[in-house]
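In what follows, a single structure is set out as structure tokens and then discussed.
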Amino acid sequence: MKKRLLLSFLLVTQFSFAQDYPQRFSLIQDDESETIYIPEEFIVIEFENKTKDELYKIMVDYVSSQFKDRMDVSKNDENKFIKVQFKGGYVSFSRFICNPGCIWFGNFTSNMEFRFQENRIRIDLEIEDNLVNRDGKPYYPFQTKRNGNKIVKNYMSYSSSTRPKGLEGLKKYFLKPYNDIVEDIILVIGGDDKDDW
């Protein structure tokens, strides 16, 4: 009886942990470390009735058709792994206004890695510290203070007066392009229900 209870508990625990992965990237302000950063190392998006091979093939086609200019794409067919490196700048297609990582003071190099399992894709995100401020410190993670003064309000302040600034500006203009890619992948893999009438 104890073995059955323990087995049941382990199965339920394993199932609940498997379902608790974040599905989108977020941006938080950490007052203790005085930084703003993306807390998720990776996210997981789930699909119904898709094999690992199907997901990989769809993503290979998607990546080769969407990510062309100023990006490096590498893949491993055997291990079902794709890596896209965004080198900043603007993309060559209209779906996304700005490459992930392009921001008013420069262009971050960032990497999205895609790994595949049955019915789900894991997306890892790495922001490289290739941009440094005048103090020689990396721009990312974003500092919230400089010389004891709060500087969050300054982020995106050089853009037009109607655009959001500070943390909200970073969410919209730095973070959103990464989540736009996630949304696009969901549409491509999940299909468009408009034809199912």
task: Write down the atom of Lys171, the atom of Leu175, and the distance for their closest heavy-atom approach.
output: O-CB, 3.4 Å
- prompt: Within a strict 4.5 Å, meaning less than it, do heavy atoms of the Ile121 and Ile189 side chains meet?
  reply: yes
- prompt: Quick one: does Arg120's side chain get under 4.5 Å of Tyr21's, heavy atoms only?
  reply: yes
query: Taking C-beta and beyond as the side chain, do Glu46 and Asn119 meet within less than 4.5 Å on heavy atoms?
result: no
query: For the hydrophobic clusters of this structure (ILVMFWY residues joined by side-chain heavy atoms under 4.5 Å, transitively), does one cluster hold both Leu125 and Val73?
result: yes
task: Please confirm whether Lys80 makes a cation-pi placement over Phe116, using NZ or CZ under 6.0 Å from the six-membered ring centre and within 45° of the ring normal.
output: no
Atom of Lys145, atom of Ile151 and distance for their closest heavy-atom approach: N-CG1, 3.8 Å
task: Report the distance from atom CD1 of Ile45 to atom CD1 of Ile185, rounding to the nearest 0.5 Å.
output: 5.5 Å
query: What is the distance from atom CD of Gln66 to atom CG of Asp184, rounded to the nearest 0.5 Å?
result: 6.0 Å
message: I'd like to check Gln85 versus Glu128 (side-chain heavy atoms, cut-off strictly below 4.5 Å). Are they in contact?
response: yes
message: Tell me whether Lys57 is salt-bridged to Asp53, with the criterion being a basic N under 4.0 Å from an acidic carboxylate O.
response: no
query: Would Tyr140 and Ile38 count as a side-chain contact (heavy atoms from CB on, under 4.5 Å) if you check the C-alpha gap in whole Å, the side-chain angles of each, and the deciding distance to 0.1 Å?
result: CA-CA 10 Å; Tyr140 183 85; Ile38 298 171; 3.6 Å; yes
Full working for side chain to side chain donor-acceptor pair (under 3.5 Å) between Tyr178 and Ser110: CA-CA 10 Å; Tyr178 295 109; Ser110 58; 2.8 Å; yes
message: Between Glu113 and Phe81 (side chain of the first, backbone of the second, donor and acceptor by atom type, cut-off under 3.5 Å), is there such a pair?
response: no
field: Closest non-hydrogen atom pair between Asp30 and Glu32, with its separation
entry: OD1-N, 3.0 Å
- request: Quick one: pull up NZ in Lys150 and CD in Glu34 and give me the separation to the nearest 0.5 Å.
  value: 10.0 Å
query: CD1 of Ile28 to OH of Tyr37: how many Å apart, nearest 0.5 Å?
result: 3.5 Å
- request: Mind checking the CZ-CG spacing from Arg115 to Leu55? Nearest 0.5 Å is all I need.
  value: 15.0 Å
- prompt: Do the side chains of Phe174 and Ile127 get nearer than 4.5 Å, heavy atoms only?
  reply: yes
query: Are Arg24 and Glu183 close enough for a salt bridge, meaning some N to O gap below 4.0 Å?
result: yes
message: If you compare all heavy atoms of Glu40 against all heavy atoms of Ser26, which two are closest, and at what distance to 0.1 Å?
response: OE2-OG, 2.6 Å
query: Hey, mind stepping through Phe142 and Leu167 against side-chain contact (heavy atoms from CB on, under 4.5 Å) and telling me if it holds?
result: CA-CA 10 Å; Phe142 301 105; Leu167 183 60; over 6 Å; no
message: Set out, in order, the CA-CA distance, both residues' side-chain angles and the distance that settles side-chain contact (heavy atoms from CB on, under 4.5 Å) for Gln117 and Lys52, then state yes or no.
response: CA-CA 5 Å; Gln117 288 185 1; Lys52 178 179 181 177; 5.7 Å; no
- prompt: So, do Val84 and Phe86 sit near enough that their side-chain heavy atoms are less than 4.5 Å apart?
  reply: yes
message: Taking the side chain as everything from C-beta on, heavy atoms only, tell me whether Gln29 gets closer than 4.5 Å to Ile36.
response: yes
- prompt: With a 4.5 Å limit on heavy-atom distance, are the side chains of Ile123 and Phe25 in contact?
  reply: yes
statement: Closest non-hydrogen contact found for Gln23 with Ile43 is O-CD1, 3.4 Å
